[in-house]
There are 2 protein chains.
Amino acid sequence: MSPTEVLSVTDISACCTPITREPMDAAGAELLAKSLKALADPARLRLLSLVASHEDSEACVCDLTEPLGLSQPTVSHHLKVLVDAGYLEREKRGTWAYYSLTPDALTSVSGLISGL
Amino acid sequence: MSPTEVLSVTDISACCTPITREPMDAAGAELLAKSLKALADPARLRLLSLVASHEDSEACVCDLTEPLGLSQPTVSHHLKVLVDAGYLEREKRGTWAYYSLTPDALTSVSGLISGL
DNA sequence: TCAATACATCGACCGTTGTCAATCTATTGG
DNA sequence: CCAATAGATTGACAACGGTCGATGTATTGA
């Protein structure tokens, strides 16, 4: 679970060819699969969605726990997965941790899927 | 694992709003997560890639087993997952089963991710 | 009718993952 | 310095998912 194990989505788009262009090699498939696994969870999709549509496009954990209906540790866990995968950025201000969308992260992975 | 449990990707794009538009409801997140889970596996990504770049944009199981380095039952399993999720179509001709990309399936899910 | 081939299904094994309660670590206010 | 609050981390548990060998089912060709 160390940071180096996961390659940020934005970096992947710089190293791999889209799905339909040519047969993907094993390494590229592994990387893209990891990025997609981070997305492929209902709680995490809703988290991204909540952050994106929140005021100032950022939100702290306390804003997210209640609408999701999950415990605080679980929400923190999902946020960590999204940060490690490069979809979210985390900024600590005082007691709070504010999360915001990494620019272009979603469009990057989207581009790899659609083939451009 | 019944067919009715899984909603085809193409249908999802007709029923759900993209991630960043507004907070996703639980049901929509569940559906999109299921579609993404079907994609989020290295073997399945390579299968889609192999089928797409194969001659006539279709391939039978025997074409796919060797380049993937997985057993025939495992390949069949992954292909079933992709068909159930709506990414692949299956046509049986004689002894062989030919798989081809469902038109617009990848672009549909890609659109839901990128926000348009 | 029989053997061979292509593919699907089943059952089992095992590593992965989502979840929570409990605990730990700041940081702020008094 | 102490209490309260926000959040991360840990440990445990159950559910899920990828894999394979063995077996089942069509279909073709002889």
Side-chain angles (χ1 to χ4, degrees), chain A residues 1-3 5-6 26 29-30 32-48 50-51 54 58-85 87-100, chain B residues 1-3 5-6 26 29-30 32-48 50-51 54 58-85 87-100:
Chain A
M1 202 67 80
S2 79
E5 275 185 28
V6 188
E30 201 83 41
L32 181 52
K34 267 184 186 162
S35 294
L36 288 174
K37 269 186 212 296
L39 265 192
D41 178 274
R44 291 196 284 270
L45 288 174
R46 297 187 70 195
L47 278 175
L48 289 176
L50 284 166
V51 168
H54 198 266
E58 65 174 14
C60 58
V61 182
C62 55
D63 294 326
L64 303 167
T65 303
E66 183 266 339
L68 237 64
L70 293 175
S71 71
Q72 175 265 314
T74 301
V75 172
S76 275
H77 162 68
H78 286 306
L79 288 170
K80 177 174 170 47
V81 171
L82 290 170
V83 168
D84 287 347
Y87 294 105
L88 286 183
E89 284 167 359
R90 176 180 184 273
E91 186 200 357
K92 185 154 190 191
R93 292 204 300 271
T95 318
W96 296 273
Y98 291 91
Y99 290 86
S100 57
Chain B
M1 202 66 81
S2 81
E5 276 186 27
V6 188
E30 201 82 40
L32 181 51
K34 268 183 185 162
S35 295
L36 288 174
K37 270 184 213 295
L39 265 192
D41 179 273
R44 292 197 284 270
L45 287 173
R46 297 188 69 194
L47 278 174
L48 289 176
L50 284 166
V51 168
H54 198 266
E58 67 174 14
C60 59
V61 182
C62 57
D63 294 324
L64 303 167
T65 302
E66 182 267 337
L68 236 64
L70 293 175
S71 71
Q72 175 266 315
T74 301
V75 172
S76 277
H77 163 68
H78 285 307
L79 288 170
K80 177 174 171 44
V81 172
L82 289 170
V83 168
D84 287 348
Y87 293 105
L88 286 181
E89 283 166 1
R90 176 181 184 273
E91 186 198 358
K92 185 154 190 190
R93 292 204 301 270
T95 317
W96 295 272
Y98 291 91
Y99 291 86
S100 56

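Below, chain A is the first sequence line, B the second, and so on; all start at residue 1.
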With a 4.5 Å limit on heavy-atom distance, are the side chains of S100(B) and L88(B) in contact?
no
Could I get a table of every N or O pair under 3.5 Å where one atom is in the protein and the other is in nucleotides 14-16 of chain D?
none

Quick check: do L64(A) and L79(A) have side-chain heavy atoms less than 4.5 Å from each other?
yes
Could you tell me the separation between the CG atom of L39(A) and the P atom of dG18(C), rounded to a whole number of Å?
12 Å
L70(B) has its side chain closest, among dC20(D), dG7(D), dA8(C), to dC20(D)
Of R90(B) and R44(A), the one whose closest nucleotide on DNA chain C sits nearer the 5' end is R90(B)
Rounded distance in Å - NE2 (H78(B)) to C1' (dT9(C)):
15 Å
Using the side chain to side chain donor-acceptor pair (under 3.5 Å) criterion, which residues pair with Y99(B)? Sequence neighbours excluded.
R90(B)
Among dC20(C), dC7(C), dT19(D), which nucleotide sits nearest the side chain of S76(B)?
dC7(C)
Under 4.0 Å between any heavy atoms, over every strand shown, what does Y99(A) touch: base, sugar-phosphate, or nothing? Just pick one.
sugar-phosphate
Backbone of A40(A) reached by a side-chain donor or acceptor of K37(B) within 3.5 Å:
yes
Does any part of the side chain of L36(A), heavy atoms only, come nearer than 4.5 Å to the side chain of L45(B), both counted from C-beta?
yes
Can you tell me the distance, in whole Å, between the CG atom of L68(B) and the P atom of dG18(D)?
13 Å
Side chain to side chain donor-acceptor pair (under 3.5 Å) pairs touching residues 60-73 of chain B, sequence neighbours excluded, are S71(B)-T74(B), Q72(B)-S76(B)
From C-beta outward on A43(A), which listed nucleotide comes closest to its side chain: dA8(D), dC7(C), dT19(C)?
dT19(C)
Quick one, V81(A) and R44(A) - any side-chain contact, counting heavy atoms below 4.5 Å?
yes
Could you tell me how far apart H77(A) (NE2) and dA12(D) (P) are, to the nearest whole angstrom?
17 Å
What are the two closest heavy atoms between L82(A) and A38(A), and how far apart are they?
CD2-O, 3.8 Å
Would you check if H78(A) and D41(A) make a side-chain contact, meaning some heavy-atom pair closer than 4.5 Å?
yes
Round to the nearest Å and state the distance from L36(A) atom CG to dT17(C) atom P.
14 Å
How many Å lie between CG on L47(B) and C1' on dT19(D), as a whole number?
14 Å
From CD of E91(A) over to C1' of dA6(D), roughly how many Å is that when rounded to an integer?
16 Å
How would nucleotides 21-30 of chain C be written as a contact map, 5' to 3', with B for base contact, S for sugar-phosphate-only contact and - for no contact, using protein heavy atoms under 4.0 Å?
BB----SS--
Grab the two heavy atoms, one from R46(B) and one from P67(B), that are nearest each other, plus how far apart they are.
NH2-O, 3.5 Å
What pairs of nitrogen or oxygen atoms, one from the protein and one from nucleotides 12-14 of chain C, lie under 3.5 Å apart?
none

Note: for G69(A) and D63(B) on DNA chain C, the residue whose nearest nucleotide lies more 5' is D63(B)
Provide, to the nearest angstrom, the distance between the CG atom belonging to L79(A) and the P atom belonging to dA6(D).
15 Å
For E91(B), enumerate each residue passing the salt bridge (Lys or Arg N to Asp or Glu O under 4.0 Å) test, keeping only those at least two apart in sequence or located in another chain.
R93(B)
Would you indicate whether the side-chain heavy atoms of V83(B) and E89(B) approach each other to under 4.5 Å?
no
